[in-house]
Visitor: 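Right, I'll just put the structure down here and ask away after.
Below, read A as the first sequence line, B as the second, and so on, with proteins coming before strands; counting in each chain starts at 1. All figures in this text were calculated on a predicted structure; none of them were measured in a lab. Just so it is clear, the values below take in all heavy atoms, side chains as well, and ignore hydrogens, waters and symmetry mates.
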Amino acid sequence: MKFSKSIVAILISLIIIIYIIISFYLYQKNMQKKHTIFVATINKLIHDNLRVNYDILSTSIFAYNNEDIIAKNTKALKQQYNKLKNLDSLKRKHCQTLKISINNLGELIDNKITNITYFLILNANIKNSFIFLLNYRHKSHDYFKQSNNINKQINSILNNFSYIRKTQDINHLDIIKLLLSSKKLDKKQLAYISLFNLHAKYIKNHINIFFQTLDLVTNNKLHKYIIKINNQFNALTKRDDMRLNRQTFFVIIIIIIGALFIIFLTLRLNKENDKLKKAERKLVYQASHDSLTKILNRVSFENILKTDKDFLLLLIDINGFKHINDFYGTDIGNLVLQEFALFIQIKTLEQYDALYYRTGGDIFAILLSNVTIQNAFKIAQDLSNIISSHNFCINNLDISISVKIAINNIRPLMENADMGLKRIKSQNKENIIIFNEKLELKKEIKANLDIVNLVKHAIQNKKVIAYFQPILNIKSQKIEKYEALVRIIKEDGSILPPMAFLPTIENTQLYYKITEIMITKILKIAKINKQYRFSLNLSMRDITNEKLMTMLFYKLEQHKLDNANIDIELLETQELYDISKVKDFIIRAHELDCRILIDDFGTGYSNFAYLSELDVDVLKIDASIIKNILTNNKMMKTLISIKQFATALNIQTVAEFVDNQKVLDEIQKIGIDYAQGYLIGKPTPPPPNYLMGYL
Amino acid sequence: MKKITVFILILNTFIYAVMPITPIPLHVKVNKQKALLGEKLFMDPILSSDKTVSCLSCHNIFTAGGADKRKFSLGVRRQEDNIHSPTVLNAVYNFKQFYNGRANNLTEQINGSLHNPIEMNMTNSLIEKRLNNSKYYKKLFLKVYKTKYITYKDVINAIVTFEDALTTPNCKFDRYLRGKTKLNKQEMSGYRDFKELGCITCHNGVNIGGNMMQKSGIFHAMINHQKYPDLYSITKNLKFKNVFKVPTLRNVALRAPYFHNGSAATLGIAVKRMGYYQLGTILSQKQITDIVLFLKTLTGQTPTILDSSK
């Protein structure tokens, strides 16, 4: 939102600035235009006036003149004046004095035109009379003798007129002789003199006013007045110019302020953009990086695999990481992951352009380029070794970590590596595996299919059977319980243990079927053998299987009406499970008088932490502890502490794998409640009459 | 300085400088449609209050050289005017209109005659009313002026346009000036007299007159002026007593009787009187004959607009 606001502000300021510039430009242009027009009009007026003056002087010189020119130019002068009078630039307030001057100029021009009219009247007649006299003098010889005084007079008079015209000296008009006079004249002579004097008188009487009028017309009063108006206007223009200067200054300041404002906004916009870019970078980083370990995440991993580059993948799985979480809590677990992520970025991998990813909870991937399988294997070994030998010191806790590493350069990289990882995890022998197509995956699939067919066949032919292994109460030295164990009889008559087929069919309908068969068989035995308790094996995973649970509890409820001698052995799986569901299960099982046993306690995934949360009745201590107590003091101590722990929680204990008397004696000393193993009895099929203990 | 130089020139001699008379242009540019509409209005008595007179009644462009054969023209209700009708031919070249120059152009002149109570005696609104009631004129004005309502302004404009076209080019003297023909001996002698006697100081320019004012009766007083206002009665300037516009001499031979009161029945009488009153001389019979012959060379062609309308 802020972003767009800034842009809008920039645009608005730009528009305002452009508007101001344009309107100011138009304003000053208009003003200049008015000035130019006024000056041009005045100049034309001056010119017109001078032209009329010239015309007037011309007509006073030339005997024959075309007065059209004067009429035309006088009209033009008047029109030019009217043009000046109506100019736009005079319509402003402060032009009042100028207007008055121009009105006065109008009067002057009208006067001039009147004077021109009068001048033209006089000029025509004076010219005519002059020419008349010049021509008439030659005719005097027709009337007078050559010697006559008259001829002298005529010459003298014409000279006098010439003198007057030359000097414009009218003071002598009354003194000098301008008219003919003579006595003793005949009629003809009288007529001559009278006509001569008619014209001479006209000139004499009108020459004065003629000169005055000529002066009125051609003097430079009007010219000066126009110049005066021009000066007045220039003074006004100066004022306008000063005002324009002030306005220019003001406009420049506004433009500068506007420009600064725009610069400011632009900078702010840039800053916001930077922020946005940072945020974007952060988002990109978050999308491509693991938030916990800060190394690349699964998404990045998948993205880089979309390129055609040849990569070699080291897929690393932390052994038993779940137990670190369960033992120390997720906070410590997270710190371990962080430390681990840093730790695996070893220097020797730099030469292979190593890229590090966290692709799952405790799964890390390293992508290497330009590395041979052999080198990769060595790298994996080194990595595995240094990890195992390193103590991860977190919050003053020394935590040891071991890893399994799958090496793969065959696409699909992840899937293949994962498969390799699963392989070594299930076999639990080697820590490192190189995936290749010879890994007999097809064989494995075929084997799996064989097993599935085998199980199917067994179910159809009722070759699924339950074996029972006795459990001894050490105190009373009596057999009190049997653990039911599933077996399949192959066609050749050999017996298959559950590990040979259960993992394969775990996710199939067959697993449910087998479980159902087992439950049916166990209940059948338990119904008859009231003096014993029988335990049924379930994995934690089974608890989440709704269908299985419904079937189990239905059968258990039926059974409760007769006997209540069924126990349930829970085997932990690697998978995470919902502990609340387990709790619910235990409560329901207790309601049906079932006891809950934890199988294989002390190895794998079983731990102390959740025992306090779950209402467990019995712990079955794992074979790996029991079989070593005679040789390994540590194991003995572990057993003792487990016993103490169980006692404290009021939980009974069963020792598995008791295969000789010495072990039995030892566990008796420790106070283990029950013993199970070959010493007590091997798992066997139930007797044909189903009556246990009567064999 | 200029003044002094100029007067030295005046003293020595009068120089024949510019052409004192110029020929009428052979062609005039007018809007022909408007001029033809103006011609119809010019000849239509609808423009007088009692519908008895038109412009043509007093300015007979066909037979009287654009003036009137009567001494005084008759206006509405047969009232006699106080002046002999001046010609409309070439009136466009006059620097002012009317004998006393009170109109600056033809528009003002037409306006004056239309409103004069003893001439056309009209009002603007009456003219507009009459013409707008005429389907004929409505149609014409719509065509020419693209207007549905005929305005007084457009009426005057049409008539003025027509009068602008009333020029009479190509008279013998104009052709002489253009070098196309020669004047005969007598005409040439008349032209020389016309110049030397000083007629030309007032009668010059394209219209051979019509470009300045002059006092009537310079050396001897003229009578019968009191009926018609002179320039003095308009300007109240005493210098302009008996001052009138110098009339054009073009087509003068067609325009008898002469002078503002029509007192000279023939051109010879008029020339003789002009010599006496205005030039202060008594012309010989030969001079008069020659000048009249010269004046007859000033009769021009019928205006083209009148030819084309027929």
Side-chain angles (χ1 to χ4, degrees), chain A residues 50 53-54 56-72 74-75 78 110 114-132 134-136 161-168 191 195-196 198-199 201-202 206 209 211 213-215 218-220, chain B residues 2-22 93-96 101 104-105 194-216 218-220 231 235 237-240 242-246 278-282:
Chain A
L50 289 175
N53 286 358
Y54 172 80
I56 295 292
L57 292 174
S58 293
T59 193
S60 68
I61 297 166
F62 301 134
Y64 311 135
N65 198 50
N66 187 335
E67 316 288 28
D68 279 359
I69 297 164
I70 293 177
K72 191 181 116 205
T74 311
K75 231 175 203 177
K78 179 77 194 197
D110 286 343
T114 305
N115 286 329
I116 287 171
T117 307
Y118 191 54
F119 167 79
L120 289 177
I121 292 171
L122 293 171
N123 182 47
N125 298 326
I126 285 177
K127 265 200 299 198
N128 282 346
S129 288
F130 263 111
I131 291 171
F132 180 86
L134 285 172
N135 291 332
Y136 201 51
F161 276 128
S162 277
Y163 174 77
I164 289 167
R165 288 179 69 192
K166 205 179 273 182
T167 58
Q168 286 195 46
L195 195 55
F196 186 96
L198 182 70
H199 289 272
K201 260 187 209 159
Y202 185 86
H206 290 89
I209 185 84
F211 285 143
T213 311
L214 181 63
D215 184 60
T218 56
N219 70 17
N220 57 4
Chain B
K2 207 172 190 177
K3 226 189 244 178
I4 295 164
T5 332
V6 162
F7 273 91
I8 291 167
L9 283 171
I10 291 173
L11 285 167
N12 293 332
T13 177
F14 292 100
I15 308 157
Y16 185 95
V18 285
M19 214 152 88
I21 297 171
T22 47
Y93 297 123
N94 289 342
F95 86 130
K96 286 181 175 170
N104 281 314
N105 49 49
F194 187 81
K195 286 193 285 187
E196 281 175 3
L197 290 168
C199 308
I200 204 162
T201 53
C202 293
H203 291 283
N204 55 54
V206 66
N207 232 1
I208 319 171
N211 58 13
M212 64 181 282
M213 311 298 282
Q214 187 51 274
K215 188 175 177 179
S216 181
I218 295 178
F219 295 97
H220 308 281
L231 188 57
T235 59
N237 188 334
L238 280 169
K239 290 172 186 167
F240 298 136
N242 287 332
V243 167
F244 296 93
K245 185 184 75 181
V246 176
Q278 299 300 108
L279 300 175
T281 184
I282 293 153

Visitor: How far does CD of Glu196(B) sit from CG of Asn128(A), to the nearest 0.5 angstrom?
Guide: 12.0 Å
Visitor: Should the heavy atoms of other residues, nucleotides or ligands under 6.0 Å from NZ of Lys75(A) be counted, would the total exceed 12?
Guide: yes
Visitor: Quick check: closest heavy atoms across Gly205(B) and Asp68(A), and the distance to 0.1 Å?
Guide: CA-OD2, 3.2 Å
Visitor: For the atom pair CD1 (Ile218(B)) and CD1 (Ile121(A)), what is the distance rounded to the nearest 0.5 Å?
Guide: 8.0 Å
Visitor: If I take atom OG1 from residue Thr59(A) and atom CG from residue Asn204(B), how far apart are they, to the nearest 0.5 angstrom?
Guide: 7.5 Å
Visitor: Is the closest side-chain heavy-atom distance between Thr235(B) and Thr114(A) below 4.5 Å?
Guide: no
Visitor: Counting only non-hydrogen atoms closer than 4.5 Å, does Asn220(A) touch chain B with its backbone (N, CA, C, O), its side chain (CB onward), both, or neither?
Guide: neither
Visitor: Does a side-chain heavy-atom distance below 4.5 Å link His220(B) with Leu198(A)?
Guide: yes
Visitor: Using 30° and 60° as the class limits, which term best fits the ring planes of His199(A) and Phe219(B): parallel, tilted or perpendicular?
Guide: tilted
Visitor: Relative to chain A, which of Gly280(B), Gly101(B), Cys199(B) shows the most heavy atom pairs under 4.5 Å?
Guide: Gly280(B)
Visitor: Quick check on the interface: out of Phe132(A), Tyr202(A), Tyr136(A), who has the most heavy-atom pairs with chain B under 4.5 Å?
Guide: Tyr202(A)
Visitor: To the nearest 0.5 angstrom, please state how far the CD atom of Glu67(A) sits from the CE atom of Met213(B).
Guide: 14.0 Å
Visitor: Would you give the length of the straight line joining atom CE of Met212(B) to atom CG of Asn123(A), rounded to the nearest 0.5 angstrom?
Guide: 7.5 Å
Visitor: Checking side-chain contact (heavy atoms from CB on, under 4.5 Å) for the pair Lys215(B)/Tyr118(A): CA distance, chi angles, key distance, verdict?
Guide: CA-CA 9 Å; Lys215(B) 188 175 177 179; Tyr118(A) 191 54; over 6 Å; no
